[in-house]
Amino acid sequence: MDDLFLSDTPQAQGDMADNSPLAERLRPQKLDDVVGQDHLVGDNGALKRMIVAGKLSSIIFWGPPGTGKTSLARLLANETDLHFKAISAVFSGVAELKKVFAEAGQRQQTGQQTLLFVDEIHRFNRSQQDSFLPYVEKGTVILVGATTENPSFELNAALLSRTQVLILNRLDSPALDQLLTKAEALMGKALPITESARDALIASADGDGRFLLNQAETLFSLDINEPLDSAALAKLLHRRMAVYDKDREGHYNLISALHKSMRGSDVQAALYYLARMLVAGEEPLYVLRRIVRFASEDIGMADPQALIQALAAKDAYDFLGSPEGELAIAQACIYCATAPKSDAAYKAQRSAWKSAKQTGSLMPPQNILNAPTKLMKDIGYGKDYTYDHSTDAGFSGDNYWPEEMEAMQFYTPVDRGFERKIRERLDYWENLRRERNG
């Protein structure tokens, strides 16, 4: 089955029908026409150096939608006189791959290499990805894969070791404005929007050139007498939903950004990433679980109220639901971001767990063992135990550690928030212990 959406033969702009999508008609015809990816196609760019050297290696293009991955693959074929073959992992299976590899092998025997462009390459399963290996190694095909997902997670290590990963940037505002200018030149007229609406249109694209050109094509097709302002443009065009996939890398990137912003006490950034997740459709209870974890891991005893606030937000959201309950999530986020920070409890837990695994069979000292039977009393259980409340200071200073183990220090409170008070208590008890034990 030939690819349903990708042509094997790149077309010049003049060869395209007027009814081709605007984004297709504006595909760059040479590397210098590519916008927003100067780190790849500029004079010192990786792709430009490959072409000048006359040696093209297999590549994985990784970047957001609408940044030029397909266009770059076509241009590489043109610049290097390779046969261009395009397939999509969405529609191609093992039978199609075998056919492609066989045809590429025949071309290789005549002295021509094949540039095999695989769109959405991350959609191939592991065994399908493995099928590329011998043909890439032998040079039967120069593989150029395109993916919006992190190759480290989605592609086999063996395939990654045989390719070079090149990252495409989301298109910034100047690059997107260049695309609009090119579109206006091709259409022979300006977009019927004000300057402020143009800025809003660019912002709505969120770095996606294809989306921007599709929106521009809609505007060109309409009979608009007066330039639209931002408000009129917003009513006319559908709002772009945030790019977010709850089981993909963006999900983990944003929760990491939220956690680290709260840890860094940047409440404004924390609210921004919280909003990014919830507006894009993240499950609120997932976010709440992370905030509850944060309250213990990064605040702990520096402000014990943080955990209470986080759990209260969970209860409030359970009771109210969306959207009303999302205010409670924001409140918990604000509280945690502005609370004094300490990871002392987190470190203490990890250290104690590690020690328990190493010394898990040691018996506690007999003085603190319970003695519910006469036999246990006779062998010394509970002997010489001091009841702390019976002392003047309410503190006995007894030893509570196994005889075969030295006393350890897992918890070291910081000098911030409530832990400052805890540190004072611990120092007080340690002085009493020294006085008693000499």
Side-chain angles (χ1 to χ4, degrees), residues 153 242 244-357 400 408-430:
F153 301 145
Y244 188 76
D245 194 336
K246 286 187 280 187
D247 66 348
R248 299 291 182 179
E249 189 198 9
H251 162 85
Y252 298 105
N253 286 345
L254 288 184
I255 198 62
S256 176
L258 172 62
H259 194 124
K260 291 180 174 64
S261 298
M262 289 193 297
R263 178 184 291 157
S265 300
D266 190 331
V267 64
Q268 318 301 345
L271 283 169
Y272 168 71
Y273 290 117
L274 175 68
R276 282 274 301 273
M277 298 184 79
L278 295 181
V279 167
E282 180 57 81
E283 173 58 50
L285 287 176
Y286 170 79
V287 178
L288 280 164
R289 283 195 294 272
R290 302 314 304 165
I291 293 177
V292 169
R293 166 69 183 190
F294 178 89
S296 289
E297 178 180 337
D298 288 276
I299 299 173
M301 295 301 294
D303 186 350
Q305 280 292 321
L307 184 56
I308 296 172
Q309 287 284 330
L311 290 171
K314 182 262 183 188
D315 289 342
Y317 181 79
D318 279 342
F319 184 58
L320 295 173
S322 289
E324 290 88 350
E326 291 175 10
L327 176 58
I329 304 176
Q331 180 178 329
C333 173
I334 292 169
Y335 193 99
C336 288
T338 56
K341 305 301 190 296
S342 170
D343 65 348
Y346 172 67
K347 288 180 177 177
Q349 184 248 329
R350 290 172 61 90
S351 298
W353 265 237
K354 180 180 178 181
S355 179
K357 291 175 182 178
Y400 299 99
M408 301 187 68
Q409 184 169 336
F410 302 127
Y411 178 55
T412 305
V414 300
D415 194 29
R416 291 187 294 276
F418 186 65
E419 283 199 327
R420 185 180 293 113
K421 291 290 186 183
I422 295 176
R423 177 184 285 276
E424 292 175 4
R425 293 177 192 170
L426 293 179
D427 290 343
Y428 169 70
W429 289 325
E430 183 59 28

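The figures here come from the full heavy-atom set of this structure, side chains too, leaving out hydrogens, waters and symmetry mates.
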(message) Using the rule given for side-chain contact (heavy atoms from CB on, under 4.5 Å), can you reason through S261 versus Y272, listing the C-alpha separation, both sets of side-chain angles and the distance that settles it, and then say yes or no?
(response) CA-CA 10 Å; S261 298; Y272 168 71; over 6 Å; no
(message) Check R423 with D427, please: is the shortest side-chain N to carboxylate O separation under 4.0 Å?
(response) no
(request) Using a strict 4.0 Å threshold on nitrogen-to-oxygen distance, state whether R263 and E297 make a salt bridge. (result)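 The answer is yes: the pair qualifies as a salt bridge.
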[atom1]-[atom2] distance between [X] and [Y], expressed to the nearest 0.5 angstrom:
X: S265; Y: D298; atom1: OG; atom2: CG; value: 9.5 Å
X: L278; Y: L254; atom1: CG; atom2: CG; value: 10.5 Å
X: L426; Y: K421; atom1: CG; atom2: NZ; value: 13.5 Å
X: E282; Y: L274; atom1: CD; atom2: CG; value: 10.5 Å
X: L288; Y: R293; atom1: CG; atom2: CZ; value: 16.0 Å
X: L285; Y: D318; atom1: CG; atom2: CG; value: 5.5 Å

(message) Quick one, Q409 with T412, criterion side-chain contact (heavy atoms from CB on, under 4.5 Å). Give me CA distance, side-chain angles, the key distance, then yes/no.
(response) CA-CA 7 Å; Q409 184 169 336; T412 305; 3.0 Å; yes
Say whether, by atom type as modelled, one donor and one acceptor occur between the side chain of [X] and the main chain of [Y] under 3.5 angstrom.
X: R416; Y: K341; value: yes
X: K314; Y: Q309; value: no
X: K260; Y: L258; value: no

(message) So E324 and Y317, do their side chains get closer than 4.5 Å, heavy atoms only?
(response) no
(request) Would you mind reporting whether M301 and P413 have side-chain heavy atoms less than 4.5 Å apart? (result) no
(request) Kindly give the heavy-atom pair with the smallest separation between P340 and I299, and that separation in Å. (result) O-CG2, 3.4 Å
(request) Could you walk me through whether I291 and C336 pass side-chain contact (heavy atoms from CB on, under 4.5 Å), step by step? (result) CA-CA 8 Å; I291 293 177; C336 288; 4.0 Å; yes
Donor-acceptor contacts under 3.5 Å from residues 343-353 side chains, at least two apart:
from: Y346; atom 1: OH; to: R350; atom 2: NH1; distance (Å): 3.4
from: S351; atom 1: OG; to: K347; atom 2: O; distance (Å): 3.0

(message) Please tell me whether R290 and Y286 have a donor and an acceptor in their side chains that are separated by less than 3.5 angstrom.
(response) no
(message) Any donor-acceptor pair under 3.5 Å linking the side-chain atoms of Y273 with those of S256?
(response)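 Judged by distance alone, the side chains do not pair up.
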(request) Give a yes or no on this: more than 12 heavy atoms of other residues, nucleotides or ligands lie within 6.0 Å of atom OH of Y400. (result) yes
(message) Restricting to side chain to side chain contact (heavy atoms under 4.5 Å, CB included), what partner residues turn up for D415, sequence neighbours left out?
(response)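 Here the qualifying residues are R420.
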(request) Report the C-alpha separation of Y411 and E419 in whole Å, then their side-chain angles, then the decisive distance to 0.1 Å, and conclude whether the side-chain contact (heavy atoms from CB on, under 4.5 Å) test is met. (result) CA-CA 11 Å; Y411 178 55; E419 283 199 327; 2.5 Å; yes
